[in-house]
Peer 1: 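Mind looking over this structure? Questions follow.
For this chain, numbers begin at 1 and follow the sequence in order.
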Amino acid sequence: MRTREFAGRPVGAVGLGCMGMSWAYGESERDDDASVALIREALDLGVTFIDTAQVYGNGHNETLVGRALAGRRDEAVVATKTGLVLADAAAWRIDRKATPELVRTSAEESLRRLGTDVIDLYYLHRVDPAVPLADSWGAMADLVAEGKVRRLGLSEVSVAEAAEAHAIHPVAAIQSELSLWTRDAQGVPGGVLESGDVVGWCAAHGAAFVPFSPLGRGFLTGKVTGDFEDTDYRGGNPRFQEDALKANRRIVEVAEAVAARHGATPAQVAIAWTLAQGDHVIPIPGTKKSRYLRENADAASLVLTEQDLAALDAVPAAVGNRY
């Protein structure tokens with residue numbers, strides 16, 4: 001696989017988001033042993049940027065990743081997160097909590113579950129409105145000084161918040177949603193978060209930009225029908241309601257047209273589009289299936305033309321809020 005650089009280290013240009021192996025999507029296809037095997041297969045393919053978080057399954061996902069990386073830890077760059085606490089799994093209620101005490105406690109728990117002595121990239125999953133960013137970030141910087149964390153990142157922040165944190169300790173990465181149907185992080189107005197051009201800020205400050213949900217939570221594959229299990233949170237997501245799905249189909253149609261020109265899939269086009277947003281961009285599509293892992297990894301070799309990019313950049317805005 002083509003590589004990109006993270007903090008001076010080459011990583012696969014396409015990473016792996018592990019959340020769906022434990023949480024948020026339907027339960028019927030969850031299989032811990034299969035997920036462990038898939039993460040190991042990812043390493044074999046050169047997919048070495050592995051993403052998890054404490055809140056994914058209330059620690060389950062970190063434990064799963066730790067199992068998968070046993071004996072192969074040095075092959076992966078492991079990212080996990082602090083600052084979100086699962087308050088009510090059934091109601092999908094998540095609280096933002098990022099006090100210095102919780103940051104330290106959750107880091108120790110993450111290290112234990114991951115079975116490692118050091119976290120390669122530790123994100124503040126969300127800024128806690130009740131805690132000054134400087135306090136949360138300062139506690140995270142202390143973990144770097146102690147050798148428990150190598151690099152720090154932020155998730156779903158504005159340019160102003162990124163700059164505030166960077167003045168205290170270097171921001172190595174920002175993870176935010178970015179895809180053909182979500183462009184808030186590029187400063188496109190009208191999104192959930194009026195963030196400014198975070199993708200551009202990362203390029204200017206030597207930070208990686210890590211798009212989560214580059215496949216639009218599966219929608220951009222062209223295979224999502226809207227028929228979800230009760231345990232799949234997309235069933236209540238505004239963009240996956242019937243009228244929105246029909247309206248947003250036009251986005252997939254453009255990706256399908258581009259894919260046809262390359263003998264590719266719309267999913268590969270969607271991932272390649274994120275890669276085309278800058279050499280510092282490392283998307284982390286998630287999957288539980290080997291065939292999709294390989295399909296996503298192969299997207300790293302797809303080079304879109306100027307004509308392709310112009311068509312994809314011109315797709316209409318998505319109908320429905322992303323949360």
Peer 1: Assert yes or no for the condition that the ring centre distance of Trp181 to Phe240 is strictly below 6.0 Å.
Peer 2: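 Between Phe240 and Trp181, which both carry aromatic rings, the centre distance is below 6.0 Å.
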Peer 1: What side-chain donor-acceptor pairs closer than 3.5 Å can you find for residues 207-224, not counting sequence neighbours?
Peer 2:
from: Arg217; atom 1: NE; to: Tyr233; atom 2: OH; distance (Å): 2.2
from: Arg217; atom 1: NH1; to: Glu177; atom 2: OE1; distance (Å): 3.3
from: Arg217; atom 1: NH1; to: Glu177; atom 2: OE2; distance (Å): 2.8
from: Arg217; atom 1: NH2; to: Glu177; atom 2: OE1; distance (Å): 3.1
from: Thr221; atom 1: OG1; to: Gly218; atom 2: O; distance (Å): 2.7
from: Thr221; atom 1: OG1; to: Lys223; atom 2: N; distance (Å): 3.2

Peer 1: Return the minimal non-hydrogen interatomic distance between Val281 and Leu275, and the atom names on each side.
Peer 2: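 Shortest heavy-atom separation between Val281 and Leu275 comes out as O-CD2, 3.8 Å.
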Peer 1: With salt bridge (Lys or Arg N to Asp or Glu O under 4.0 Å) as the rule and sequence neighbours excluded, what pairs involving residues 7-18 come up?
Peer 2: none
Peer 1: May I ask you to decide whether Asp33 forms a salt bridge with Arg67, counting only side-chain N to carboxylate O separations under 4.0 Å?
Peer 2: yes
Peer 1: Do Trp273 and Asp308 pair up side chain to side chain, a donor and an acceptor below 3.5 Å, judged on atom types alone?
Peer 2: no
Peer 1: Checking one residue: Leu102. Which other hydrophobic residues are in its cluster under the side-chain 4.5 Å linking rule?
Peer 2: Val85
Peer 1: Keeping Ser195 on the side-chain end and Asp184 on the backbone end, is there a donor-acceptor pair under 3.5 Å?
Peer 2: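 Side chain of Ser195 to backbone of Asp184, a donor-acceptor pair under 3.5 Å: yes, one is there.
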Peer 1: Counting distance only, does the side-chain N/O of Asn321 pair as donor-acceptor with the main-chain N or O of Pro238 below 3.5 Å?
Peer 2: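 Absent.
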Peer 1: Would you say the side-chain atoms of Arg40 pair up with the backbone N or O of Leu43, donor to acceptor, closer than 3.5 Å?
Peer 2: no
Peer 1: Is Arg30 reaching over with its side chain to a backbone N or O of Tyr25, donor-acceptor style, under 3.5 angstrom?
Peer 2: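 Yes, the answer is positive, given that a donor and an acceptor are paired below the 3.5 Å cut-off.
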Peer 1: If the test is side-chain contact (heavy atoms from CB on, under 4.5 Å), which one of Arg150, Arg73, Glu62 qualifies with Val78?
Peer 2: Arg73
Peer 1: Calculate, to the nearest 0.5 Å, the distance between atoms CG and NZ belonging to Asp51 and Lys81 respectively.
Peer 2: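 Between atom CG of Asp51 and atom NZ of Lys81 there are 3.5 Å.
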Peer 1: Got a sec, which pairs hit salt bridge (Lys or Arg N to Asp or Glu O under 4.0 Å) with one end in residues 130-149, sequence neighbours left out?
Peer 2: Arg104-Glu146, Glu108-Lys148, Glu146-Lys148
Peer 1: Please round to the nearest 0.5 Å and tell me the distance separating atom CD of Gln241 and atom CG of Asn248.
Peer 2: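 Rounded to the nearest 0.5 Å, the CD-CG separation comes out at 11.5 Å.
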Peer 1: Is there any salt bridge (Lys or Arg N to Asp or Glu O under 4.0 Å) pair reaching into residues 198-207, and which pairs are they, with sequence neighbours excluded?
Peer 2: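 Sorted pair list comes back empty.
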Peer 1: Would you give the length of the straight line joining atom CD1 of Ile39 to atom CD of Glu41, rounded to the nearest 0.5 angstrom?
Peer 2: 11.5 Å
Peer 1: Could you tell me whether a side-chain N or O of Tyr122 sits under 3.5 Å from a main-chain N or O of Ala107, the two making a donor and an acceptor?
Peer 2: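 Side chain of Tyr122 to backbone of Ala107, a donor-acceptor pair under 3.5 Å: yes, one is there.
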Peer 1: If the condition is salt bridge (Lys or Arg N to Asp or Glu O under 4.0 Å), which residues does Asp232 pass it with, not counting sequence neighbours?
Peer 2: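 Listed in chain order: Arg234.
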Peer 1: For the backbone of His169 and the side chain of Trp137, can you confirm whether one donor and one acceptor N or O come within less than 3.5 Å of each other?
Peer 2: yes
Peer 1: Strictly distance-based, threshold 3.5 Å: is any side-chain N or O of His280 a donor or acceptor partner for the main-chain N or O of Val199?
Peer 2: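 Flag set: sc His280 to bb Val199 pair under 3.5 Å.
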Peer 1: Is a salt bridge present between Asp128 and Arg126, judged by a nitrogen-to-oxygen distance below 4.0 Å?
Peer 2: no
Peer 1: To the nearest 0.5 angstrom, please state how far the CG atom of Asn58 sits from the OG atom of Ser22.
Peer 2: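 Here the interatomic distance stands at 10.5 Å.
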Peer 1: Can you give me the closest heavy-atom contact between Leu16 and Leu38, atom names plus distance?
Peer 2: CD2-CD2, 4.0 Å
